[in-house]
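Chain letters run A, B, ... following the sequence lines, proteins first and then strands; every chain starts at 1. The analysis underlying the following values was restricted to heavy atoms, covering all of them including side chains, and did not include hydrogens, waters or symmetry mates.
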There are 2 protein chains.
Amino acid sequence: MTRGVRGAGPTMHDVAAAASVSHQTVSRVLNDHPSVRPETRQRVLAEIERLGYRRNPAARSLVTRRSRAIGVLAPEVTQHGATSSVQAVESAARAAGYFTLVTTAAVERSAARAALGFLLDQGVEGLVVVAPHAEIEAAVSELVVPLPVVALQSARAGRLDWVGVDQELGARMATEHLLALGHTRVAHVSGPAGYFEAEARRRGWSSALAAAGLEPAGVVEGDWTARSGEAAAAALDPDVTAVVCANDQTAIGLVAGLRRQGRRVPTDLSVVGFDDVPEAAYVDPPLTTVRQDFRLVGERALARLLAAIDGVQAPAEDDVLRPTLVVRESGAPPRPR
Amino acid sequence: MTRGVRGAGPTMHDVAAAASVSHQTVSRVLNDHPSVRPETRQRVLAEIERLGYRRNPAARSLVTRRSRAIGVLAPEVTQHGATSSVQAVESAARAAGYFTLVTTAAVERSAARAALGFLLDQGVEGLVVVAPHAEIEAAVSELVVPLPVVALQSARAGRLDWVGVDQELGARMATEHLLALGHTRVAHVSGPAGYFEAEARRRGWSSALAAAGLEPAGVVEGDWTARSGEAAAAALDPDVTAVVCANDQTAIGLVAGLRRQGRRVPTDLSVVGFDDVPEAAYVDPPLTTVRQDFRLVGERALARLLAAIDGVQAPAEDDVLRPTLVVRESGAPPRPR
DNA sequence: GCACTTAGTACTATTTTTGAA
DNA sequence: GTTCAAAAATAGTACTAAGTG
């Protein structure tokens, strides 16, 4: 790489000439090699500054056989969660002297495959993949290239190295909160099929009910959007008194749908969300939800990836984070019949 | 760049040996040079496939003097707007054979300066900068490196090449909507000082009032968050009947704050937002707001940047996009006194 | 100890050679 | 012989690492 098309900047050779040393000495100054006299170092540094010299990363990569690039594959959504995690990966990588190539792709195998090929073409040293869906996980697992990979928002028991929040536990906590309020008919508006987190949250909901000796009160499949939550309002069993939603958007949509039916939350029906998006505290009613630390997930994922790149084996079981329940006002005891 | 630390993959030389040609012929095949016999081409392609060969981008960059990298500087927020635009830049860049280095930085001059330095160190050929604040614009303007730059969410009249939506017009449309409903006391909850879009939206609000011969009914400064919107509820003049908010988050917060005071929207007070975030249609009441096409902004920005990189002068005045007013239910005629 | 010279990195661009019409 | 396509050989790219004064 050099300075764009036209503005080819000074090379190490130019700096060397200006400082009356060899280009190798300039290299040593830049790499903090001990064998440089302080005054020589100063002179070189001064010329670097004066000429505005920057090392050519391409030439460096070529000889060091290191790209210092980390590929990130993310689904093409603007969800708060994925966005936060990806940003955390990026800043942690930068702090560690790497840069990230973030590529988005549709949640679909061939798109993911193409995106991964693109990242591989750029010579990345490792991959962080937001793999919320089986199709993306499959595209990653197909990769024959022996590259360190860490998955996010993926299946805990999958084939890939994994960092994430215990989704099942989160959904169980949300459900237990409703049970503690006295609800016995608790339904679920799920995420779409094929999404690991959707499945884990559904398991959490049903296992909490099973543990309490209750029958699940039906599942309506949503697609993470508020629109699907709104539509779910019409599909709910009439005797349901509480609903665990797959995420906050769905919960916000469900509340809107119920309102259009003339039913109030939490008076007529209790609703809990998942994620704790920034708006959750300000909608009507303020949403009781499950918070996850998305930035921490991103940081841990990068730490794990760097360990793998350096050939260090990271501890396996210590990257399952616990979510927390945030109780606000969208849950209340069921109306007496 | 090569295949990570350990897995140094095959080189062009290896492919050449396997196909019994010179490495130069392999290069020609890869670059679609005409002087290769079809059967030779096939043989080379087959070996590339069989060996899983990928070109080394570092070696390529070194000799072509092109990095094919585009730097993107974005503020470290997960706002729907910036995120959408950045994603659009990324996918448009990929389609054009470039990759993007997205770096986030705090909205503060030294952080932006450091982030730009980082991008420059990576040898980017151009920059897309989300520069919503004067401090970021200043950090970019300081850059002596003669690199093509396009700014987003920035000042239209600034020193930088610019692509964006006419914020002032959007705020004017929002305000005129309230005036058409019969309001005469229209306040504004603004964005924070120093943000170009905050200032433009404020100008749009006040100019619409001035054009109608009305006095502005006061400004409360917010910080784009729902929290600040909620706080603004307490700071509003009692005789205000409508409020133009700096963005949807602020509007959602304001509605929540008013609700806590026992005032209903739109019965007691009308509120309009800005941006049309995905939740806007599902909150209570569904938010009347100003929609901007964030993805289009990103695509136009990239197109403009590529034109600059190729040394083509892009037309100056044709990248001011028009927002649209989305009328929902948070506006109504003022209550008769 | 300090700094220079040389070699090597994996490509693309340029020039030269080969072989066939 | 001359010409032209095909492919080889060579040079150059900006660095780091190893060997040499």
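The closest side-chain donor-acceptor pair between B/Glu90 and A/Thr104 falls under 3.5 angstrom. Under the 3.5 Å distance criterion, with hydrogens and angles disregarded, no donor-acceptor pair is assigned to the side chains of A/Gln87 and A/Ser85. Side-chain polar atoms of A/Asn56 and B/Arg65 form no donor-acceptor pair below 3.5 angstrom.
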Q | Check against side-chain contact (heavy atoms from CB on, under 4.5 Å), B/Leu147 and B/Leu120 | A | CA-CA 9 Å; B/Leu147 217 53; B/Leu120 258 24; 3.5 Å; yes
Q.
For B/Leu30 and B/Ile48: C-alpha separation, side-chain torsions, deciding distance, then whether side-chain contact (heavy atoms from CB on, under 4.5 Å) applies.
A. CA-CA 10 Å; B/Leu30 256 8; B/Ile48 286 174; 3.6 Å; yes
Q.
Pair A/Met12, A/Ser27 - check side-chain contact (heavy atoms from CB on, under 4.5 Å), show working.
A. CA-CA 7 Å; A/Met12 192 172 272; A/Ser27 174; 3.8 Å; yes
Q. How far apart are the C-alpha atoms of B/Val130 and B/Leu73, what are their side-chain angles, what is the distance that settles it, and do they pass the side-chain contact (heavy atoms from CB on, under 4.5 Å) test?
A. CA-CA 6 Å; B/Val130 182; B/Leu73 176 64; over 6 Å; no
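Tested against B/Val150 for a side chain to side chain contact (heavy atoms under 4.5 Å, CB included), the candidates B/Val163, B/Leu306, B/Leu160 yield a single pass: B/Val163.
At whole-Å resolution of the value, CD1 in B/Ile48 and P in C/dC11 are 10 Å apart. Remark: P of C/dC11 and CG of B/Asp14 are 9 Å apart, rounded to the nearest angstrom. Taking atom CZ of B/Arg66 as the reference point, atom P of D/dA14 lies 15 Å away to the nearest angstrom. In this structure, A/Asn56 atom CG and C/dC11 atom P are separated by 16 Å, rounded to whole Å. Rounded to an integer number of Å, the gap from B/Arg54 CZ to C/dA10 P is 17 Å.
Defining each end axis of the helix from C/dC2-D/dG21 to C/dA21-D/dT2 as the rotation carrying four pairs' C1' atoms onto the next four, with five pairs an end, the two axes are found to diverge by 50° to 10 degrees.
Of the two residues near DNA chain D, B/Thr25 and A/Arg60, the one whose nearest nucleotide lies more 5' is B/Thr25. Of the two residues near DNA chain D, B/Pro34 and A/Met12, the one whose nearest nucleotide lies more 5' is B/Pro34.
OP1 or OP2 of D/dA8 lies within a sub-4.0 Å distance of a side-chain N or O belonging to B/Ser22. Side-chain nitrogen and oxygen atoms of A/Arg55 include at least one within less than 4.0 Å of the OP1 or OP2 phosphate oxygen of D/dT16. Taking only side-chain nitrogens and oxygens, A/Thr11 never comes nearer than 4.0 Å to OP1 or OP2 of D/dT13.
Electrostatic pairing of A/Arg60 and B/Asp121 does not count as a salt bridge here, judged by no charged N lying under 4.0 Å from a carboxylate O.
Between A/His23 and A/His13, the angle of the ring planes lies from 30° to 60°, which puts this pair in the tilted group.
With hydrogens and angles ignored, the 3.5 Å screen pairs a side-chain donor or acceptor of B/Ser61 with a backbone N or O of B/Arg66.
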Between protein and nucleic acid, restricted to nucleotides 13-17 of chain C and to nitrogen or oxygen atoms under 3.5 Å apart, what atom pairs and distances do you find?
unit_1, atom_1, unit_2, atom_2, d
C/dA13, N7, B/Gln24, NE2, 3.3
C/dA13, N6, B/Gln24, NE2, 2.2

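Of the residues in residues 36-43 of chain A, A/Val36, A/Arg37, A/Thr40 come within less than 4.0 Å of DNA chain C through at least one heavy atom, sorted by number.
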